[in-house]
Asks: 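To start, I am sharing the structure in question, which I have written as structure tokens.
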2 protein chains.
Amino acid sequence: MTKRPTIADVARRAGVSKGSVSFALNGRPGLAQSTVDKILAAADELGWRPSNRARSLSVSKAFALGLVITRDPAVLSSDPFFPAFIAGVESVLSTRGQALVLQVVTAGESEEDGYRRLAQDARVDGVFLSDLRHDDPRIGLLVELGLPAVTLNRPDGDSPFPAVTLDDRPGTVAVVEHLVGLGHTRIAQVAGPPAFVHATARSTAFTDTLAAAGLEPVAVETGDFTAAGGIEATRRLLALPEPPTAIFYANDRMAIAGLGAAQAAGLNVPDDLSIAGFDDSELAEYVHPGLTTVRADPFRFGEAAARTLNRVVDGDTDVPDVELPPAELVVRRSTAAPPL
Amino acid sequence: MTKRPTIADVARRAGVSKGSVSFALNGRPGLAQSTVDKILAAADELGWRPSNRARSLSVSKAFALGLVITRDPAVLSSDPFFPAFIAGVESVLSTRGQALVLQVVTAGESEEDGYRRLAQDARVDGVFLSDLRHDDPRIGLLVELGLPAVTLNRPDGDSPFPAVTLDDRPGTVAVVEHLVGLGHTRIAQVAGPPAFVHATARSTAFTDTLAAAGLEPVAVETGDFTAAGGIEATRRLLALPEPPTAIFYANDRMAIAGLGAAQAAGLNVPDDLSIAGFDDSELAEYVHPGLTTVRADPFRFGEAAARTLNRVVDGDTDVPDVELPPAELVVRRSTAAPPL
DNA sequence: TTGTACGCGTTATCAG
DNA sequence: CTGATAACGCGTACAA
């Protein structure tokens, strides 16, 4: 409550100049050790902490990173990725005295505006680019804005930014092999919107693996990652003349909703229909039957992304991409051999 | 990319002094209208935007609000409240050029430290205080730190901060009356941790309403709001010599997990057991059977909280509490008359 | 090591 | 009234 001490207070108390204090506190050479000690002691006694504001102004940095999330709230509500991702990011930022600025862009406002605001207001030193889309326009935008970034997974176009990647494909392959191994031949997929890089990556891995087993998808429906979308897609699949005996969903939310739809239609899961999801969200383990799914580690993803972004922000050129351990299959009760 | 224009550039272009520019842009009296127009035009032509770093330094404000969330990531992951709440907050902040600084405090670090950091780093002008606990120590801490706040719901002790409240009780009462109306007499509850104000509020409303109907709870189990906790509590309830015919959970996550546990135990919901939740999370509608629950509006909550906090931050004294429309009952298929 | 300009708006003081 | 001038907030960086 008493106004915080400034660097001038420290200087006065140590009997030196402001400049020396700054040097001492930043551990820069050019000061006698005895002077450094004196200054550090004075700073300590006064409980001095640098003012972010003054520092920001003089070094032109925000000491903050930004995350723009574009979802309507209802959808975001049950997304299992971001909260854990954010926690991972925080675990890195908190040790560096940085803050995370979050921007939730709801429908109506464009996502680009979110980044633009962050850049114009100079609120952050860099941003995380998530949910990459094909030929993502945000990459060009960020280049234009001069805002450093790290991409979550690798974009398909050119990108000057490092990528932190977590390969979804091994998990997808494992799911398909698991289903094929159980004897399924009529397997369908509920994919995510094709505009997303990760959605098509999963989708392609699905089709390819099936092909490698000499099979073709019964159908590939497109969902929008929401529960409502999962229900719709599931109903369409179940209404097919020859419905699938197994459905692989691009995320758990659609899978859990699909599970509900199948049960509501009188089907027994897994006896009549096997269901697999993607994410291993909290509820996946606890619905009935437990959902077979694919588990990634969003917390680690957040840590790695934050560290990588900071290297860029710190001026490191040629920051290498970081590859995280791939997502892996978690087998539960929702998958079993197909009905005879 | 070309360096942004400063207030001095605008002044030069308009042929006036820096001070006048500042006055004109802040709509302060003391300038001829013609001068104001000239300045505004110059600013416009140059595309000038104030540097909020410089502004921060000179007016000692951060132009940002803070939210500290204390959950371990796994739990936070499926919390339906915060994402929508944050979206509501954003909808207000974005119109004022403010930012939201998010801090996720994971286990190990104390929540208090989160607020302390936010205050010491002067990162925000005020904070949202969520998940109030009885005799919440954070209130005293914030007073000590001199950090303005708004509480989400009303704390039970003294508080100098305005509260934005959303009464859970009418919804709780409605659930109990709904169950009693269906003919249930053996009703149990899975409550939240008693340390939380909202958990005990719901719990008390539950017990009181039951008492008003001349009934007593079969049992009140305490869950921790997680799916795993919901499963445990449900198992204990179902193992009772005379198990309940209806269970009311303090949130949807526990309810959905409880639903899974009941089904895994071979029970038919709602024929053998009625289940009701709280939140109306996205999946509530889509699990099978659809979950009877209580719906609040976290987006509006966020809007109201942001507006209220801003009034405090702006120096308004005696900002009144804001009362939001109460949570309301949503009846779905998971509740029905008890077995004969 | 010190002194001081600098980053950029805000605001109090003062002259016209 | 109108508008200019300068001090201020606080740390950094460079010339002296």
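Residue numbers begin at 1 in each chain, while the letters A, B, ... track the order of the sequences.
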Asks: Tell me whether the side-chain N/O atoms of B/Ser22 come closer than 4.0 Å to OP1 or OP2 in C/dT10.
Replies: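 For B/Ser22, the contact criterion (side-chain N or O under 4.0 Å from OP1 or OP2 of C/dT10) is met.
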
Asks: When you match B/Leu57 and B/Phe23 each to their closest nucleotide on DNA chain D, which lands nearer the 5' end?
Replies: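 Taking each residue's closest nucleotide, the earlier one in sequence belongs to B/Phe23.
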
Asks: C/dG7, D/dT12, D/dA4: which one has an atom nearest the side-chain heavy atoms of B/Ser17?
Replies: D/dA4

Asks: Counting only side-chain N and O atoms of B/Asn26, is one of them less than 4.0 Å from OP1 or OP2 of C/dT10?
Replies: yes

Asks: Considering heavy-atom distances to DNA chain C, does A/Lys18 or A/Val36 have its closest nucleotide positioned more toward the 5' end?
Replies: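 This one resolves to A/Val36.
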
Asks: Within the pair B/Arg28 and C/dT11, is there a side-chain N or O less than 4.0 Å away from OP1 or OP2?
Replies: yes

Asks: What's A/Ala32 touching, base or sugar-phosphate or nothing? Going by heavy atoms closer than 4.0 Å.
Replies: sugar-phosphate

Asks: So, is B/Ser56 close to the D/dG9 phosphate, meaning a side-chain N or O under 4.0 Å from OP1 or OP2?
Replies: no

Asks: For a quick test of reading the model: is some side-chain N or O of A/Thr35 closer than 4.0 Å to OP1 or OP2 of C/dT1?
Replies: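 For C/dT1, OP1/OP2 do have a side-chain N/O of A/Thr35 under 4.0 Å.
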
Asks: Looking at D/dC10, C/dC8, D/dT12, which one has an atom nearest to any side-chain atom of B/Ser51?
Replies: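 My answer, after comparing the listed nucleotides, is C/dC8.
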
Asks: Measure the acute angle between the ring planes of A/Phe85 and A/Phe81, then classify it against the limits of 30° and 60° as parallel, tilted or perpendicular.
Replies: parallel

Asks: Considering every strand and a 4.0 Å limit on heavy-atom distances, what is the contact class for B/Leu25: base, sugar-phosphate, or nothing?
Replies: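 Nothing: the residue B/Leu25, judged by heavy atoms under 4.0 Å, touches no strand.
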
Asks: Would you mind classifying the nucleic acid contact of B/Thr6 as base, sugar-phosphate or nothing, using non-hydrogen atoms under 4.0 angstrom?
Replies: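 Sugar-phosphate, no base atom in range.
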
Asks: Within the 4.0 Å heavy-atom criterion, would you say A/Val21 contacts the bases, only the backbone, or no part of the nucleic acid?
Replies: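 Nothing, no heavy atom under 4.0 Å.
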
Asks: With side chains defined as the heavy atoms from C-beta onward, is the minimum distance between A/Val92 and A/Asn310 less than 4.5 Å?
Replies: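 Sidechains of A/Asn310 and A/Val92: in contact.
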
Asks: If you round to the nearest 0.5 Å, how far is OG of B/Ser60 from CZ of A/Arg53?
Replies: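 That separation rounds to 5.5 Å.
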
Asks: More than 12 foreign heavy atoms under 6.0 Å from CZ of B/Arg300: is that the case here?
Replies: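 Atom CZ in B/Arg300 is not packed in, count stays at 12 or less.
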
Asks: Would you kindly give the CZ-to-C1' distance between A/Arg4 and D/dG11, to the nearest whole Å?
Replies: 12 Å

Asks: Relative to B/Tyr115, does B/Arg138 satisfy both conditions: NZ or CZ under 6.0 angstrom from the six-membered ring centre, and within 45 degrees of the ring's axis?
Replies: no

Asks: Less than 4.0 angstrom between a side-chain N/O of B/Trp48 and OP1 or OP2 of C/dG9, yes or no?
Replies: yes

Asks: B/Arg55 side chain N/O closer than 4.0 Å to the phosphate oxygens (OP1, OP2) of C/dT10?
Replies: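 Yes, B/Arg55 has a side-chain N/O under 4.0 Å of OP1/OP2 on C/dT10.
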
Asks: Which part of the nucleic acid, if any, lies within reach of A/Ser60 when heavy atoms closer than 4.0 Å are counted: base, sugar-phosphate only, or nothing?
Replies: nothing

Asks: Ignoring the backbone of B/Ser58, work out which of C/dT10, D/dG3, D/dC10 is nearest its side chain.
Replies: C/dT10

